[in-house]
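Step one of this worksheet: look at the structure below.
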2 protein chains.
Amino acid sequence: MTSSADGPAQRPSKRERTLAALVEAGLELFEQQGYEATTVAQIARAAGVTEMTFFRYFAAKEHLLLDDPYDPVLIAAIGAQPRSDPPFLRAARGIRAAWRALPEPETPVIRRRVRIAARTPALRGATWRSTGNTERAIVEQLVTDGAEPEVAGVAAASVLAALVAGLFAWAEHETQTLAEAIERALDVIDVAS
Amino acid sequence: MTSSADGPAQRPSKRERTLAALVEAGLELFEQQGYEATTVAQIARAAGVTEMTFFRYFAAKEHLLLDDPYDPVLIAAIGAQPRSDPPFLRAARGIRAAWRALPEPETPVIRRRVRIAARTPALRGATWRSTGNTERAIVEQLVTDGAEPEVAGVAAASVLAALVAGLFAWAEHETQTLAEAIERALDVIDVAS
DNA sequence: TCCGAAAATGTTAGCTACTAACATTATGGC
DNA sequence: GCCATAATGTTAGTAGCTAACATTTTCGGA
């Protein structure tokens, strides 16, 4: 019965199905009752699975909302900025350039996630912490290009904070595209343009 | 025996003594074994008190390290900036002005706390979240002065991130004063000076 | 000096996030 | 259909944190 002409694409594996079920159940419940009021056990049950399984897919409750696959593109773009600019401007303009070159992602799910994060105080902090890898990568790139470590640290933290703030603002404005929101956020801090 | 000429200053109340014991025990243990490896029960026991009592003094474990009494001075200084400048510069320069006017605080304890926070990944996020009140206040001030809310949000987040990054850098450099570190951090982002 | 209200602390019990060790079931290639 | 292995379940436990109630300590006034 698993003949070749059955379906066009491969049926998703069990792992993929469970993952999708957990994400969907989590977003639903977070939106309905709020992040803190929602229990991992509830999410698991709604996805037809046990609490233990949830933690096999996400190391922590908040990980259901946070992941960012953009790091490599960002740091490449920052490295491409002219070294005559100060580190802060290189970081800001590198991120801007990277985002211009990216296609608009499937925003609906992303917007749901960012909106929940933006509205949950505990998660705003978690969001910033989750940018830790990106921050380290940016610092490394800036230092490689000759910046002092402390200066690079300040520049990276500051630019990333602006980016996150722009994301939060975008999540609440249905009319804006992600690219527009990022541009606006970077305009705010890139005052010497 | 409780005659008036006993001691020069009032003996600290029991509440003050317990608080001091908890803070000292917490810093000691965090420095020795790290933040995550230290248990609230351990801190309480070292301070001669119960776990429950700890939570009567601090709403959460991380609160032993985080508190910032500087908000009012900051927002007043931001409000005093010329409105002809864009919001981002008003925020950055307001903070700079405020810090110039402040006396150097008793740095030893502060430095210990910041250093622990800077070295514990989980606490870097918590530090940023703990700036939430300050951020709201700055946004409010900027909006009052005519900035759009989204612009104000980006400016506040970005400037505060720079400030925190400067604090973290300062905690690791014994030779620097707090004021110098703040100045340096703000120099990084205030590129149009 | 004694006393009583209020502050400070203790006790117990419980919830939720998260981890570890081990047992069980389902999947999918051969 | 068989079997290695992936996926999931079970059980038990730790740590942060909360709530309800009991007990002790402090401290100002009669």
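For clarity, every value in this text was computed on a predicted model and none was experimentally measured. Numbered from 1 within each chain, the chains take letters A, B, ... in sequence-line order.
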### Query
R15(A) near the nucleic acid: base, sugar-phosphate alone, or nothing, with a heavy-atom cut-off under 4.0 Å?
sugar-phosphate

### Query
Using a cut-off of 4.0 Å on non-hydrogen atoms, how would the nucleic acid contact of A41(B) be classed: base, sugar-phosphate, or nothing?
nothing

### Message
When you group the ILVMFWY residues by side-chain heavy-atom contacts below 4.5 Å and let the links chain together, are V154(A) and V139(A) in the same group?
### Response
no

### Task
State whether K14(A) places a side-chain N or O below 4.0 Å from either non-bridging phosphate oxygen (OP1 or OP2) of dA7(D).
no

### Message
Can you measure E36(A) atom CD to dG16(D) atom C1' for me and round it to whole angstrom units?
### Response
14 Å

### Query
When rounded to the nearest 0.5 angstrom, what distance separates CZ in R115(A) from CD in E172(A)?
6.0 Å

### Message
Classify the ring geometry of Y35(A) against F30(A): parallel below 30°, tilted from 30° to 60°, perpendicular beyond 60°.
### Response
tilted

### Task
For the side chain of R56(A), starting at C-beta, report the closest nucleotide among dG16(D), dT8(D), dT11(C).
dT8(D)

### Message
Contact list please: residues 44-54 of chain A against DNA chain C, heavy atoms, distance less than 4.0 Å, in numerical order.
### Response
E51(A), M52(A)

### salt bridge (Lys or Arg N to Asp or Glu O under 4.0 Å): pairs with one or both residues in residues 136-155 of chain A, sequence neighbours excluded
R83(A)-D145(A), E148(A)-R184(B)

### Message
Taking only side-chain N and O atoms of Y57(B), does any of them lie within less than 4.0 angstrom of OP1 or OP2 on dA8(C)?
### Response
no

### Task
Calculate the interatomic distance between F58(B) atom CZ and dC17(D) atom C1'; express it in whole Å.
15 Å

### Query
Atom OH of Y35(B) to atom P of dA15(D): distance rounded to whole Å?
14 Å

#### Entry: Interatomic distance where CG belongs to L29(B) and P belongs to dA15(D) [whole Å]
14 Å

#### Entry: Value in whole Å for how far the C1' atom of dA7(C) lies from CZ of R17(B)
13 Å

### Message
Is T39(A) close enough to dA17(C) that one of its side-chain N or O atoms is under 4.0 Å from OP1 or OP2 there?
### Response
yes

### Heavy-atom pair of closest approach, residues A118(B) and F168(B)
CB-CD2, 3.5 Å

### Task
Would you mind reading off the distance between F55(B) atom CZ and dC15(C) atom C1', rounded to a whole angstrom?
13 Å

### Separation of L22(A) CG from T53(A) OG1 (nearest 0.5 Å)
8.0 Å

### Message
Quick test of your reading: applying salt bridge (Lys or Arg N to Asp or Glu O under 4.0 Å), list the pairs with at least one residue in residues 36-47 of chain B, sequence neighbours left out, ordered by first then second residue.
### Response
none

### Distance, rounded to the nearest Å, where I43(A) contributes CD1 and dA17(C) contributes C1'
11 Å

### Query
What integer distance in Å separates H63(B):NE2 from dG16(D):P?
15 Å

